[in-house]
Amino acid sequence: MLDPKFIKENIDYVKRKMKERGVTIDLESFLTLEEERKRIIREVEELERLRNTGSKKVGELKRQGKNAEAEKLHMELKLSSEKVKELEDKRTEIENEFRDLLLRIPNVPHPSVPFEKNSSGNVEIKRSGSPREFDFEPKDHVEIGKKLDILDLDRASKITGARFALYKGLGARLERALINFMLDLHVNEHGYEEVLPPFMANRDSFIGTGNLPKFEEDLFKVDGTDFYLIPTGEVPITNIHRDEIIDEEELPKNYAAYTPCFRKEAGSYGKDVRGIIRQHQFNKVELVKFATPENSYAELESLTKDATRVLELLELPHRIMLLSTGDMGFSSAKTYDIEVWIPSENTYREISSCSNFEDFQARRANIRYRPKGGGKPRFLHTLNGSGLAVGRTVVALLENCQERDGSVIIPKALVPYMRGVERIHS
RNA sequence: GGAGAGGUGGCCGAGAGGCCGAAGGCACUCGCCUGCUAAGCGAGUAGGGGGCUAAAACUCCCUCGUGGGUUCGAAUCCCACCCUCUCCGCCA
């Protein structure tokens with residue numbers, strides 16, 4: 001959520017930024033509504049003031065035994081009280097409308113974000129490792145997984161449906177090994193606090209991170225409740241501190257968590273239908289930071305670095321992309337995508353997305369901090385990034401580390417987590 | 001799922017239609033005092049929104065779990081929901 005005051009005072013800037021994002025927001029009607037809101041607040045408060053002082057007077061008169069006078073005033077107030085109620089209804093209506101509109105306005109991109117309406121404007125920041133030259137025809141992860149009997153997509157679709165996976169044997173162990181490896185790295189070496197949050201969250205939490213009210217069609221709702229399955233750990237973790245005021249001394253707060261993620265993937269029916277690149281359920285290790293506005297961009301860099309470290313230790317070729325205005329998520333002010341090399345697709349694919357939301361989520365979720373030495377609470381900045389998407393890491397690993405004989409060599413860093421298994425073969 | 005108890009400021013806790021944004025305590029901050037420390041004395045310490053401001057000061061409105069209702073007036077009465085605790089049932 002943007003600061004209404006900021007919108008008002010920088011209307012042209014905000015308009016331009018929205019345009020760069022490729023979204024159309026009716027900011028004129030926003031301003032009108034904002035005026036209307038203030039007008040009615042003034043009106044209601046004036047009436048309430050009169051009623052309050054009047055009511056107090058009635059009490060005083062009664063205590064003094066002047067019942068006739070009290071009764072007279074009482075009758076007068078009865079009328080104005082009705083008026084107050086009417087106006088309050090109107091006020092609620094307008095404030096709701098105002099809030100609804102505000103909740104549907106995306107974040108303003110940071111000035112360092114390149115302007116382009118789509119992903120063609122993304123800028124490569126860094127590349128690490130180079131795609132392997134195979135001296136044989138490499139297979140894709142589906143084939144590898146099938147041959148090694150570690151990935152069974154046919155049976156998964158029997159159990160549930162398309163876009164679900166059944167891992168078996170060393171495949172299941174590999175998934176679990178990666179989760180533990182990533183968590184240990186972030187917790188023990190990068191200083192994140194490990195948490196294990198609920199995998200469902202309520203509506204308020206989703207509004208807090210910006211997934212609602214706009215993106216309901218992407219979510220699985222749990223029937224008969226107000227809960228949704230989380231599409232990312234970002235939702236429960238960011239909401240750990242909803243409606244809280246944190247002392248500045250405690251910032252930055254860094255959390256790491258493993259969660260499964262559930263996504264409807266509506267609108268991507270034709271995309272990535274083969275394999276486990278795009279699933280309705282997948283595992284992820286998520287990193288979330290709460291930082292001061294002064295430090296949040298430095299924290300974005302270190303967050304991205306922490307996530308990238310996983311790929312470095314796994315020795316997987318990857319690159320870091322700075323997303324352009326048109327390719328960023330709704331809540332983000334600046335986003336780096338980390339992309340890993342996928343041999344079967346002969347391209348890099350997103351495996352992590354690291355964003356600074358500035359105070360956009362904090363404002364929605366009401367997360368503030370008290371500055372050192374006291375003073376008014378301020379909204380803090382929230383950040384998050386995958387560290388990493390586990391399913392896609394498996395894909396990258398199987399494909400990049402495959403051998404001519406169909407076996408897969410486990411990267412050294414992961415071997416201890418595989419209970420010493422150095423190679424998966426049939 | 002059933003029965004009961006309860007949700008009040010940073011924390012503990014009183015208040016049971018008007019004198020209550022709220023006693024008292026703890027904690028914290030500032031000042032005084034005591035050679036340091038402890039104790040003592042005095043003052044202060046919630047959040048949001050509106051008006052006025054360059055900004056404050058100031059002032060008004062809202063907030064006692066949330067939302068509705070009754071009333072001239074609600075922390076206090078009524079209804080619904082949420083959450084916590086205890087007991088019973090069921091369950092990993």
Side-chain angles (χ1 to χ4, degrees), chain A residues 1-10 30-103 196-208 212 222-228 236 239-251 253 359 362-380:
Chain A
M1 186 160 73
L2 299 177
D3 183 359
K5 211 181 277 170
F6 177 82
I7 299 179
K8 203 172 155 186
E9 286 164 8
N10 303 278
F30 172 81
L31 286 184
T32 317
L33 204 56
E34 147 84 6
E35 280 306 311
E36 176 75 357
R37 173 177 160 265
K38 284 205 177 159
R39 194 184 56 74
I40 198 143
I41 285 172
R42 280 195 293 270
E43 212 174 322
V44 173
E45 289 191 351
E46 173 64 11
L47 257 158
E48 282 174 336
R49 193 177 59 80
L50 291 175
R51 184 202 59 193
N52 290 350
T53 48
S55 291
K56 261 188 195 141
K57 195 85 185 287
V58 172
E60 266 172 50
L61 289 172
K62 281 204 171 156
R63 248 172 289 125
Q64 292 165 3
K66 299 175 181 169
N67 283 332
E69 267 182 72
E71 194 55 29
K72 186 163 167 265
L73 188 54
H74 173 156
M75 292 318 285
E76 283 174 32
L77 287 173
K78 192 164 189 159
L79 288 170
S80 75
S81 178
E82 274 163 33
K83 185 88 203 246
V84 167
K85 230 160 251 172
E86 241 172 72
L87 270 175
E88 267 180 346
D89 286 348
K90 185 117 186 266
R91 172 184 178 161
T92 312
E93 198 183 301
I94 286 184
E95 295 218 302
N96 285 343
E97 202 182 328
F98 181 71
R99 191 176 155 78
D100 278 355
L101 189 58
L102 209 49
L103 285 176
L196 183 59
F199 302 156
M200 301 179 200
N202 60 31
R203 194 176 172 80
D204 284 345
S205 293
F206 278 86
I207 287 176
L212 287 178
V222 181
D223 198 21
T225 70
D226 161 44
F227 308 148
Y228 298 79
N239 279 283
I240 288 174
H241 295 297
R242 174 151 52 86
D243 292 318
E244 290 186 16
I245 301 173
I246 299 168
D247 285 334
E248 182 172 352
E249 284 74 21
E250 293 185 41
L251 300 178
K253 270 186 176 291
D359 66 3
R363 208 174 274 283
R364 289 172 158 248
N366 191 30
I367 312 171
R368 292 169 293 173
Y369 73 98
R370 188 160 323 262
K372 271 187 199 123
K376 282 250 172 208
R378 301 168 67 199
F379 288 111
L380 47 71

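Reminder, nothing fancy here: chain letters follow the sequence lines and each chain counts from 1.
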Counting distance only, does the side-chain N/O of [X] pair as donor-acceptor with the main-chain N or O of [Y] below 3.5 Å?
X: A:R364; Y: A:L103; result: yes
X: A:S80; Y: A:L77; result: yes
X: A:D3; Y: A:K5; result: yes

Could you give the side-chain donor-acceptor pairs of residues 197-208 of chain A under 3.5 Å, partners two or more places apart or in another chain?
from   : atom 1 : to     : atom 2 : distance (Å)
A:N202 : OD1    : A:D204 : N      : 3.4
A:N202 : OD1    : A:S205 : N      : 3.1
A:N202 : OD1    : A:S205 : OG     : 3.2
A:R203 : NH1    : A:Y228 : OH     : 3.1
A:S205 : OG     : A:R242 : NH2    : 2.9

Please set out all donor-acceptor pairs under 3.5 angstrom arising from side-chain atoms of residues 41-49 of chain A, sequence neighbours excluded.
from  : atom 1 : to    : atom 2 : distance (Å)
A:E43 : OE1    : A:R39 : NH1    : 3.0
A:E46 : OE1    : A:R49 : NH2    : 3.4
A:E46 : OE2    : A:R49 : NH2    : 3.1

I'd like the [atom1] distance from [M] over to [N], given in whole Å.
N: B:U63; M: B:G73; atom1: P; result: 13 Å
N: B:C26; M: B:G65; atom1: P; result: 25 Å
N: B:A27; M: B:C12; atom1: P; result: 15 Å
N: B:G15; M: B:C77; atom1: C1'; result: 15 Å
N: B:A22; M: B:A46; atom1: C1'; result: 12 Å
N: B:G25; M: B:G42; atom1: P; result: 11 Å
N: B:A74; M: B:G69; atom1: P; result: 12 Å
N: B:C30; M: B:G47; atom1: C1'; result: 23 Å

Check this for me, if you would: do A:K85 and A:E82 make a salt bridge, where the nitrogen-to-carboxylate-oxygen distance has to be below 4.0 angstrom?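 The answer is no: the pair does not qualify as a salt bridge.
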Interface with RNA chain B, restricted to residues 79-102 of chain A and to heavy atoms under 4.0 Å: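 Output list: A:S81, A:K85.
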Taking only heavy atoms on the protein side, list every residue of residues 50-59 of chain A lying under 4.0 Å from any atom of RNA chain B, sorted numerically.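 Residues of residues 50-59 of chain A that come under 4.0 Å of RNA chain B are, in numerical order, A:R51, A:N52, A:S55, A:V58, A:G59.
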Taking all non-hydrogen atoms of both residues into account, name the closest pair between A:L380 and A:R368 and its distance.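 Closest pair (atom of A:L380, atom of A:R368, distance): CD2-O, 3.9 Å.
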Which heavy atom of A:G54 sits nearest a heavy atom of A:L73, and at what distance?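 Between these two residues, the closest heavy atoms are O-CD2, 3.7 Å.
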Those residues that, when tested against A:E250, pass salt bridge (Lys or Arg N to Asp or Glu O under 4.0 Å) (two or more places apart):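 A:E250 satisfies salt bridge (Lys or Arg N to Asp or Glu O under 4.0 Å) with A:K253 only.
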For A:K78, what residues pass the salt bridge (Lys or Arg N to Asp or Glu O under 4.0 Å) criterion, not counting sequence neighbours?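 With neighbours one apart ignored, the set is empty.
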Can you list everything that forms a side-chain hydrogen bond (donor to acceptor under 3.5 Å, both in side chains) with [X]? Sequence neighbours excluded, please.
X: A:K372; answer: none
X: A:E248; answer: none
X: A:E88; answer: none

For RNA chain B, the expected dot-bracket line (Watson-Crick or G-U under 3.5 Å, [ ] crossing, | inter-strand) is ((((((((.[[[..)..(.....]]]((((((.......))))))((((((......)))))).[[[[[..)....]]]]])))))))....
Could you check A:E48 against A:R37 and say which one's nearest nucleotide on RNA chain B is further toward the 5' end?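 Closer to the 5' end of RNA chain B: A:R37.
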Specify the residue among A:I245 and A:M75 whose closest nucleotide of RNA chain B lies further upstream toward the 5′ end.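 Taking each residue's closest nucleotide, the earlier one in sequence belongs to A:I245.
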With heavy atoms under 4.0 Å as the rule, sort A:K376 into base, sugar-phosphate or nothing.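 Sugar-phosphate: the residue A:K376, judged by heavy atoms under 4.0 Å, touches backbone atoms but no base.
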Under 4.0 Å between any heavy atoms, over every strand shown, what does A:R39 touch: base, sugar-phosphate, or nothing? Just pick one.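 Nothing, no nucleic acid heavy atom in range.
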How would you give the extent of chain A contacts on RNA chain B, as first and last nucleotide 5' to 3' within a 4.0 Å heavy-atom cut-off?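 Span of nucleotides near chain A: B:G18 to B:G73.
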Determine which pairs satisfy ring pair (Phe, Tyr, Trp, His ring centres under 6.0 Å) with at least one residue from residues 74-102 of chain A, sequence neighbours left out, and list them in order.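 Sorted pair list: A:F30-A:F98.
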